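The chains referred to below are lettered A, B, ... by the order of the sequence lines, with proteins before strands, and numbering in each begins at 1. Everything numeric here is computed off the predicted structure, so don't read it as measured data.
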Amino acid sequence: MTEPITEPTTQTTPTLRAPAFQLVGDAEAPVCVDGVCAIPGATDADDAAEGGRQD
Amino acid sequence: MSEPLTIDVWSDIACPWCYVGKRRFAEGVRRYQVAGGDLDVAIEYHSFELAPDTPVDFDGTEVDFLVRHKRMPAPQVEQMLDQMTQLAATEGLEYHFDTLQHTKTLKAHELLHLAKARGKQEEMKERLLRAYFTESRHVGRIDELADLAAEVGLDRDEVVRELEAGTYHDAVQADIDQAHAYGINGVPFYVIDGRYGVSGAQSPDVFAQALAQAAADRQATS
């Protein structure tokens, strides 16, 4: 009798975790957003990028 | 022996603040330990694509990218990148935006997942950032990534095979989905021991304090 073929079970669907952490630190610390990495207090890149993408 | 503090970092390769943040976080860890912190830290990098619509072979400079895709005025971009270069230098980092090869970082993120599976993620992350910002290497092409991977001790043939197969594509997407679930829209972003979220390239003292607080929380609940 032939053994039944079973699918490999190595792939699992990740479970997304809801935010459970407390934000700490300087709220104005520099980050890169949507490909733009502005320097706080220097150039306001976000304002310049308000026009959105051309592509 | 106590379990290390877990540090989950969402970041991109094409992210000047992520490289700066990496240095500041490392200094934060040092200050935490100098101040008596006795827990080790276990860092895991998670994928985040800042500009997923970037073509692998983008034809142009970083200035061109920001002018064309973000509609920023060229003089403003040049000023911003000059300032970023100077700021990075104060952290001991060398940025060359004039020769940098802007590219899609999906395959680099897949490589970081492969490196994690082989216990080489930290070395790979550092190598990719230096290759991108300092050496103007192309971190979007598989052959170039494989060369860099071999430098940190990964099997070049395996890297080519796994990146061509897209083995870690779903893992990259899972990281990005998790970032969205967390509400993360900018990087670098740090989650310290699952308790504290720290956004941006903060000062080393902020990181040191967050580490100390997380360690204290551990003791309070143990």
J.: Strictly distance-based, threshold 3.5 Å: is any side-chain N or O of B:Asp175 a donor or acceptor partner for the main-chain N or O of B:His46?
T.: no
J.: Against chain A, label B:Val198 side chain, backbone, both or neither, depending on which of its atoms sit under 4.5 Å from a heavy atom there.
T.: both
J.: Top residue by heavy-atom pair count (under 4.5 Å) with chain A, among B:Gly194, B:Ser203, B:Pro188, B:Ala210?
T.: B:Gly194
J.: Just give me the residue among B:Tyr196, B:Phe207, B:Tyr190 that pairs up with chain A most often, heavy atom to heavy atom, under 4.5 Å.
T.: B:Tyr196
J.: Report yes if the distance between the aromatic ring centroids of B:His69 and B:Phe58 is under 6.0 Å, otherwise no.
T.: yes
J.: Taking the side chain from B:Thr61 and the backbone from B:Asp98, do they hold a donor-acceptor pair closer than 3.5 Å?
T.: no
J.: Got a salt bridge between B:Lys22 and B:Glu126, using NZ or NE/NH1/NH2 to carboxylate O under 4.0 Å?
T.: yes
J.: Should the pair B:Glu27-B:Arg23 be classified as a salt bridge under the 4.0 Å nitrogen-to-oxygen rule?
T.: no
J.: Tell me, out of B:Gln202, B:Gln213, B:Arg195, B:Met84, who's got the most heavy-atom pairs with chain A below 4.5 Å.
T.: B:Gln202
J.: Below 4.5 Å, heavy-atom pairs only: which of B:Cys15, B:Gly197, B:Cys18 has the largest tally toward chain A?
T.: B:Gly197
